[in-house]
Amino acid sequence: MLILSEDGGVRAVEDRFTVLGDEEGAGRARPVILSRARFEADAERLWSEGFELGVRLAADDKVEDLAYDLPRLAVVALEFPKFRDGRAFTSAVLLRQRYGFLGEVRAVGDVLLDQAFAMVRCGFSAFETRASAADWARAIGRYAVVYQTSADGRQPAFLARATKS
Amino acid sequence: MYAYDGLDRSLVRDRVDEFRDQVARRLAGSLSEEQFKPLRLMNGLYLQLHGYMLRVAIPYGVLSSAKLRALAHVARRWDRGYGHFTTRQNLQFHWVKLSETPDILAYLAEHDLHAIQTSGNCIRNTTTDPFAGAARDEADDPRVWCEVIRQWSTLHPEFSYLPRKFKIAVTASAKDRAAIKAHDIGLRLGRDAEGRLVFEVLVGGGLGRTPHIGALVKKDLPADRLLSFLTAILRVYNREGRRDNLYKARIKILVSELGLAAFAEKVEQEWAALDPTEIDILGTELARIRGQFALAKLDPRPAVSRGFEAARTREDFARFARNNIAPHKVQGYGIVTISLKGIGDTPGDCTADQMEAIADLAESYSQSEIRVTHAQNLVLPNVALDDALALFEGLRAIGLASANINLASDIIACPGLDYCALANARAIPIAQAIARRFEDPIFEEAVGELQVKISGCINACGHHHLGHIGILGVDKKGEEYYQLTLGGSGAEDAAIGAVLGPAVAAGDVADAVEALARRYLEVRQPEERFLDTVRRLGPTPFKAAVYEHADTV
Amino acid sequence: MTSGVRTDRATAVTANALGGGEVVFLASSSPSAWTARFEDAAIFDSDVAAEAALSAAAASDFKVVDAYLIALDNSAGVWTPLSLRERIRALGPTTEPQLGPQARGGRVVEALQAADSAARSSGRIRLIRRR
């Protein structure tokens, strides 16, 4: 898995989290990612037992439904069922900009190198991909100029012009 | 017109590098065609019948002489010496090689041109009134707002993988020359009671398989809140637009399934929740952009141009002046439309030689500015009436002096089955056959305004639904047939045409159109356009005119 | 082949070249070769044979996009694509006779231009996905 590091670079890391299936026994406390259904059924118990929790949202799940739990969540994994399905971009933006989520926003599913730039701009910070860290870093550093404000806090052209003049 | 600064240029150059890398990965086999296709489409590259087609963006249809010369160079060096202007005010090259597109794009980038978002499920090139900045009846220059939208929508990280393509059009006039009601979002700029600039926002227009006329979702949107409101619409669409069925993925289907009121409510809620300071245009940036569109000083001219009046005693020039020159907001000037619809021509095609000659004429007579119209013609927006005759002669020398704007031979046609991988039937030969029926200018002018629009398939690139006479190519057991519609309009009185009757064979289409025009001449009342007569009388007399002889299925 | 098979129908394999985009056909000259000249296309008497040839061509260095089989017609004594769409692909735009493969002229080009057989929709026999 690739993650954004503090300095804005990209690092390959071992995933600390394991996926806990809906029917699987919880076992000892550890970092796990749950489906939304399991999260709704089990999160309180797992938290009380000391688990660190992440939740995986399908493309049509609404991040609004997590609003109450976000401060306690370590990871929100957003699924791209096909790379052409762009709903997760909006989910990521809302997590960062509307709910101020500071944990990991992870891209899972059909995660394409050519979308790395848009993902980072929308607030994704971790990526389940087979692409190399070097390729990912090059893709996200592709553009020196952006036109919009987004969840990555980059200064857009219109603000750069305003501060220059 | 808007001139790129270093920031705009940097972005376009980086985009070329990105695409060069993507092409290299595709040619090396590390990107599959399935992965590459959406990426190349977002850079305007299609695979058509005879090869790759590159659609170059002409933002809101505005070109300089230098840019038009650059396009001519591309046509000559990398294509077959011509290009095709489209209903989206863009230019298509039909014969490029994938392996050469990075070089083409690098060359275009040197001239501040690109192919970004000319296809794909993203926000496409924003279109506008080709008379913008010169029209007498506009509340503001819509190009300013198109440029604002261009920057906001370019490589938008959240809205580049939408359910389907997304088209925005802007007008600032009561007379709609941008077909705003046929767009996913149509924007009409006006002033409120206090004189402030406000937008009327229409959503859910579009053609294709299920044509819709856009509906009003917001009145009196303060102009400086435009981008946050667009963001709210796009966000609702990105989340809720259908992704299970290609034919139901446009925003028009979402609006009609939710109902207009419920859709508008969702947009308002989203709009209220987002932080406008992050998105809406800054006053300083708006002023910077506006400054770039300020009309270069036009020399004062007398109200009556003696040269122009004298020239109008010549019948050919008089006809050109009547049909191709519109009033300008500055006294003594006119807006000249160059028809790319000569009899026998391919609608919208322009050779490299013609492009260069037009660039020269624009330099001499129109402050080096050219516009592309959604009707596949070109416009020189700032021509002194004193120069109109010289311009006319210059156009005649390159075969582009047809005096047929908005007349029957000024036909919109998509490339059809002669080029397009999606087409069911040819469009260009049909347009050529119809135009020949109106070769006699006296007959054509007697018929008057008549908009004929032809699409080679249901995707409706030729806007057939909006034609006074619409023609849709269909495939009947492998034969080309054409369905006729009547009564459509893309203007302020927008309407979807109604099917007249059974489809007719390819060889009968021109007969049918001529029969419709002749029937109109028989039954019209004074001052009535073809469209008005159709609306007054309904289809019956026209149906009879067409189906007396035609071979139909 | 069984006696019920029509002898005025055959199959060719077409695609567009990956790098150049031009229309190509599996060639009769050698297995796995592609040609831009329809007159040099391999004519297969069954779809099965055509598909086998296409599979074999996947190993070719010459990469193509979107390969598929097309039906051919011989009612005028020359093999031509059954559908107008495929004849236009083999020739070039009907409105620009100086462009595309048709520009070189010749007997087969003239036969293609004169052909008027009709096939429902595109004349594609079966789309074969190639990655």
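The sequence lines fix the lettering, A, B, ..., with proteins before strands; numbering per chain opens at 1. This is a predicted model, so every value here is computed, not measured. In what follows, every heavy atom counts, from backbone to side chain, and hydrogens, waters and symmetry copies are set aside.
Residues Arg25(B) and Asp114(A) are paired through a salt bridge, judged by an N-O separation under 4.0 Å between the basic side chain and the carboxylate. Contact check on Lys82(A) versus Glu34(B) returns no salt bridge, with no Lys/Arg side-chain nitrogen under 4.0 Å from an Asp/Glu carboxylate oxygen.
Proximity of Arg288(B) to Phe158(A): side-chain heavy atoms (C-beta onward) are nowhere separated by under 4.5 Å. The closest side-chain heavy-atom distance from Val63(A) to Arg239(B) is below 4.5 Å. Between Gln148(A) and Thr231(B) the shortest side-chain heavy-atom distance does not fall below 4.5 Å. Residues Leu155(B) and Arg121(A) form no side-chain contact, since every pair of their non-hydrogen atoms from C-beta on lies 4.5 Å or further apart.
Both the backbone and the side chain of Leu11(B) come within less than 4.5 Å of a heavy atom of chain A. Proximity to chain A (any heavy atom under 4.5 Å) is restricted, for Gln22(B), to the side chain, taken from C-beta onward. Using a 4.5 Å cut-off between heavy atoms, Arg84(A) touches chain B through backbone and side chain atoms alike. Contact of Leu274(B) with chain A is made through backbone and side chain together, with heavy-atom distances under 4.5 Å. Interface remark: Thr154(B) contributes backbone and side-chain atoms alike to the contact with chain A (heavy atom separation under 4.5 Å). Of the two parts of Asp5(B), only the side chain, counted from C-beta on, holds a non-hydrogen atom closer than 4.5 Å to a non-hydrogen atom of chain A.
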Taking it one step at a time, do Asp17(B) and Arg138(A) satisfy salt bridge (charged side-chain N to carboxylate O under 4.0 Å, His left out)?
CA-CA 11 Å; Asp17(B) 289 345; Arg138(A) 194 159 45 101; over 6 Å; no

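One finds the CG atom of Leu282(B) at 11.0 Å from the CZ atom of Arg161(A) (value rounded to the nearest 0.5 Å). Here the SG-NE2 distance, from Cys122(A) to His156(B), works out to 8.0 Å after rounding to the nearest 0.5 Å. Atom CG of Leu113(A) is separated from atom CD of Gln35(B) by 9.5 Å, given to the nearest 0.5 angstrom.
Below 30°, between 30° and 60°, or above 60°: for Tyr161(B) and Phe89(A) the angle between ring planes is below 30°, a parallel geometry.
The heavy-atom pair separating Ser150(A) from Pro157(B) by the smallest distance is OG-CG, 3.8 Å. Listed here is the closest heavy atom pair of Asn238(B) and Gly86(A): ND2-O, 3.1 Å.
Around CG of Leu102(A), the count of heavy atoms belonging to other residues, nucleotides or ligands within 6.0 Å does not exceed 12. Within 6.0 Å of the CZ atom in Arg72(A), the count of heavy atoms belonging to other residues, nucleotides or ligands exceeds 12. Annotation: Lys167(B), atom NZ; neighbour count of heavy atoms from other residues, nucleotides and ligands within 6.0 Å is above 12.
Every residue two or more places apart in sequence or in another chain that forms a salt bridge (Lys or Arg N to Asp or Glu O under 4.0 Å) with Asp42(A) is listed here: Arg38(A), Arg45(A).
Scanning residues 13-23 of chain A against chain B with a 4.5 Å non-hydrogen threshold yields no residues.
Highest contact tally toward chain A, considering only Leu31(B), Thr284(B), Leu39(B), is held by Leu39(B) [criterion: heavy-atom pairs under 4.5 Å].
Between the side chain of Asp14(B) and the backbone N or O of Val145(A), no donor-acceptor pair lies under 3.5 Å. Looking at Thr90(A), its side chain never comes within 3.5 Å of a backbone N or O of Arg235(B) through a donor-acceptor pair.
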